[in-house]
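Remarks on the structure that follows.
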Amino acid sequence: MKVNLSATGTWKMDNSDKEYYGDLYLNKDAGGIILYIRIPNNGPIGSYLELPLNIPFIKGSTMNGAKITLLDCVRIKTESRIGSEDIFGYQANYLLDSVSFESIDDVRFSKMKISIPGIIEWGNISNYSMPKYDGKSDALIELDITEPVEIYSNQDYSLSYFLAHSYPPFDLVQEEIILKQTPYLIIESGSLQTLEWFMDKAKQMKRLIEIAMAEPFGFDKMTVESPEIYYEFDDGKRINRIIEVIHAYKDNNSKKDHNHNRLKHDFLFRLNELRNANFSKWQEISSVMEPIIELYIDSIYNEKLSISRHFLNMVQALETYHSRRICNSLPEFKKRVEELISIRPKDFRGEDRKYLLEGSYKHVTLRSRLADLLTADYTFIFYTGDIHRLEFPKVIADTRNYYTHYDKKLEDRALKDEDLIDSFHILRNILEFYLLKEFGFDEEFIHERIRERIKPIITSKSIKKADQRNNRT
């Protein structure tokens, strides 16, 4: 990452009064924030530990008097030039522009506004509209400003989706006029909080949107506010000062072209549908679900993975979900099976018990976990393609064992090529069923959306079968 010299000045570490000279290098687009502290060296090489390896808080004053605050700084370089200077390089996660604090305890805010480029289709609202033709007006587009949409709120904080818009220039005699919309998350707290507190909330919401759109996103512009940092006018009126934050939580996806024409089934859920979910429930279990989510979106972030790797990720995600959210030990699982089959007709219970417990003698096997997930408490029937539903758990388990352990005895039973691709989408469909359940959506919505999401696979297989029949005739 290339950075350019931005400012030279003096810098203080944490609560120390000692000043150091140094140069600040920035790359705002890529989130690069590098500070090189220069300490004169008139004799032997200075100590490697003269400055800490990690510095939570650095405040600086540039040569022209501008104030800068750096947060979460980590040593990335140490260089000694005998008889000249020792250089200590630090990379910061945050730079707060034109503001200074006495200590890190004072770096607290009440509001954050952070943009996530590419999620406008998920928000499904616009500040521009096409007017109805009435024969009188020649207007092709109208400005219809939207208000922030609340996603979640409690007594401590609120989270909203906001769509900023641009105005055309005053001089309209131009060959190109661009109207732009930028989606933001707005997080407002009832009490002053640290930047990391706000970022945790923003990351949690971004992860939810990535799941919904099956696409990775990065943060872009960020501002914060505090009632303790303000402009005061002659009449005593105060307005919170908006502080720009340069941050390291950017990636190349922020600059990616996200303008796709998605269909309804391309979204696991949208903003207006999320209002019907239980967001507080998701917050409570998000840490437990994190390994499952990481496996789920690994395929999103790593599109060049082999299909076998995609398949293995999805199998592991389902196995991990079952052990973390449904049943971990064998005694617990046996108890669950008995409770589950108790609602079934007596004539079916024996076969159901065998189907769910087969192979689970010393521990709960992958086959049993998949069988349990596929059963879905007898409330939903998943599509399993050309594989019979009762055989599906065994086929998937054999395929996983073949690709993981390369057991030659399983080679003939393992799925390959298009069958492996189809099974990946089916497994993903099963996992999405349980993700929607964890997000707190109601049963009717979950069933409808899961059926919609698998339809392209069903249609594709039907076309291939029809094509094969035509080729045989």
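FYI, side chains are in, hydrogens and waters are out, and symmetry mates aren't considered; it's all heavy atoms of this structure.
For the 3.5 Å distance criterion, the side chains of Asn93 and His247 fail to qualify, holding no donor opposite an acceptor. Between Ser16 and Asp14, the side chains place no donor N or O within less than 3.5 Å of an acceptor N or O (distance only, hydrogens not considered). Residues Asn278 and Ser280 bring a donor and an acceptor atom of their side chains to less than 3.5 Å of each other. A side-chain N or O of Gln193 and one of Ser191 form a donor-acceptor pair less than 3.5 Å apart. For the residue pair Tyr296/Asp298, the side-chain donor-acceptor check at 3.5 Å is not satisfied. Defined by atom type and a distance below 3.5 Å, a donor-acceptor pair is missing between the side-chain atoms of Asn41 and Ser84. Checked by atom type, the side-chain pair Thr8/Asp23 shows a donor-acceptor distance below 3.5 Å. Under 3.5 Å, the side chains of Ser286 and Gln283 contain no donor-acceptor pair of N or O atoms.
At distances below 3.5 Å, not a single donor-acceptor pair connects side-chain atoms of Lys113 with backbone N or O atoms of Leu185. Not one N or O on the side chain of Lys67 forms a donor-acceptor pair closer than 3.5 Å with the backbone of Lys59. Remark: side-chain polar atoms of Asn154 are paired, donor with acceptor, to backbone N or O of Tyr157 under 3.5 angstrom. A donor-acceptor pair under 3.5 Å links the side-chain atoms of Thr320 to the main chain of Gln316, judged by distance alone. In this structure, Ser460 contributes its side chain and Ile457 its backbone to no donor-acceptor pair below 3.5 Å. Between the Glu448 side chain and the Phe445 main chain, no donor and acceptor come within less than 3.5 Å of each other. A distance-only check finds no donor-acceptor pair linking the side chain of Arg38 to the backbone of Glu85 [under 3.5 Å]. The main-chain N or O of Asp442 is never found under 3.5 Å from a side-chain atom of His447 such that the two would form a donor-acceptor pair. Judged purely by atom type and a 3.5 angstrom limit, Arg428 has no side-chain atom pairing as donor or acceptor with the backbone of Phe311. A distance-only check finds no donor-acceptor pair linking the side chain of Arg241 to the backbone of Ser226 [under 3.5 Å].
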The test is side chain to side chain donor-acceptor pair (under 3.5 Å); show your working for Ser153 and Glu150 and say whether it passes.
CA-CA 7 Å; Ser153 67; Glu150 184 177 275; 3.2 Å; yes

ring-ring contact (aromatic ring centres under 6.0 Å, His included), that's the test. Do Trp11 and Tyr21 meet it? Break it down for me.
CA-CA 6 Å; Trp11 309 86; Tyr21 286 96; over 10 Å; no

ring-ring contact (aromatic ring centres under 6.0 Å, His included) assessment of Phe439 paired with Phe269
CA-CA 10 Å; Phe439 296 154; Phe269 53 84; 5.5 Å; yes

Would you please test Asn328 and Ser323 for side chain to side chain donor-acceptor pair (under 3.5 Å) and show each step?
CA-CA 4 Å; Asn328 188 21; Ser323 65; 4.9 Å; no

Working for ring-ring contact (aromatic ring centres under 6.0 Å, His included), residues Phe433 and Phe380:
CA-CA 10 Å; Phe433 174 93; Phe380 187 77; 5.4 Å; yes

Before you tell me yes or no, could you show the steps for Glu196 and Tyr94 under side chain to side chain donor-acceptor pair (under 3.5 Å), namely the whole-Å CA-CA distance, both residues' side-chain angles and the distance that decides it to 0.1 Å?
CA-CA 10 Å; Glu196 282 302 327; Tyr94 304 100; 2.9 Å; yes

The test is ring-ring contact (aromatic ring centres under 6.0 Å, His included); show your working for Phe333 and His363 and say whether it passes.
CA-CA 9 Å; Phe333 185 59; His363 64 276; over 10 Å; no

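A salt bridge links Asp377 with Arg336: the closest approach of a Lys/Arg side-chain nitrogen to an acidic carboxylate oxygen falls below 4.0 angstrom. Ion pair Glu290/Arg207 flagged as a salt bridge, since at least one NZ, NE, NH1 or NH2 atom sits closer than 4.0 Å to an Asp/Glu carboxylate oxygen. Contact check on Glu319 versus Arg400 returns a salt bridge, with a Lys/Arg side-chain nitrogen under 4.0 Å from an Asp/Glu carboxylate oxygen. A salt bridge is absent between Glu284 and Lys281: the closest approach of a Lys/Arg side-chain nitrogen to an acidic carboxylate oxygen does not fall below 4.0 angstrom. Looking at Lys250 and Asp29, no side-chain N of the basic residue comes within less than 4.0 Å of a carboxylate O on the acidic one, giving no salt bridge. Comment: Arg275 does not engage Glu273 in a salt bridge, judged by the lack of any side-chain N to carboxylate O separation of less than 4.0 angstrom.
Note that the OG1 atom of Thr223 and the CD atom of Glu244 stand 9.0 Å from one another [nearest 0.5 Å]. A distance of 12.5 Å separates CD1 of Ile454 from CZ of Arg451, quoted to the nearest 0.5 Å. Rounding to the nearest 0.5 angstrom, the gap separating the CG atom in Leu70 from the CD1 atom in Ile246 is 9.5 Å. The structure places CH2 of Trp282 at 8.0 Å from CD of Glu438, a figure rounded to the nearest 0.5 Å.
Taking each heavy atom of Ile426 and Gly385 in turn, the nearest pair found is CD1-N, 3.8 Å.
Using the six-membered ring where Trp is involved, Tyr36 and Tyr25 have ring planes that are perpendicular, over 60° apart on the 30 and 60° scheme.
Under the 6.0 Å distance and 45° angle rule, Arg325 does not count as a cation-pi partner of Tyr321. At least one cation-pi condition fails for Lys12 and Tyr20: the charged atom is not both under 6.0 angstrom from the six-membered ring centre and inside a 45 degree cone around its axis.
Looking only at side-chain heavy atoms (C-beta outward), Met13 and Ile37 come within less than 4.5 Å of each other.
Remark: of the listed residues Ile187, Ile229, Val224, Leu192, Leu192 is the sole one forming a side chain to side chain contact (heavy atoms under 4.5 Å, CB included) with Ser110.
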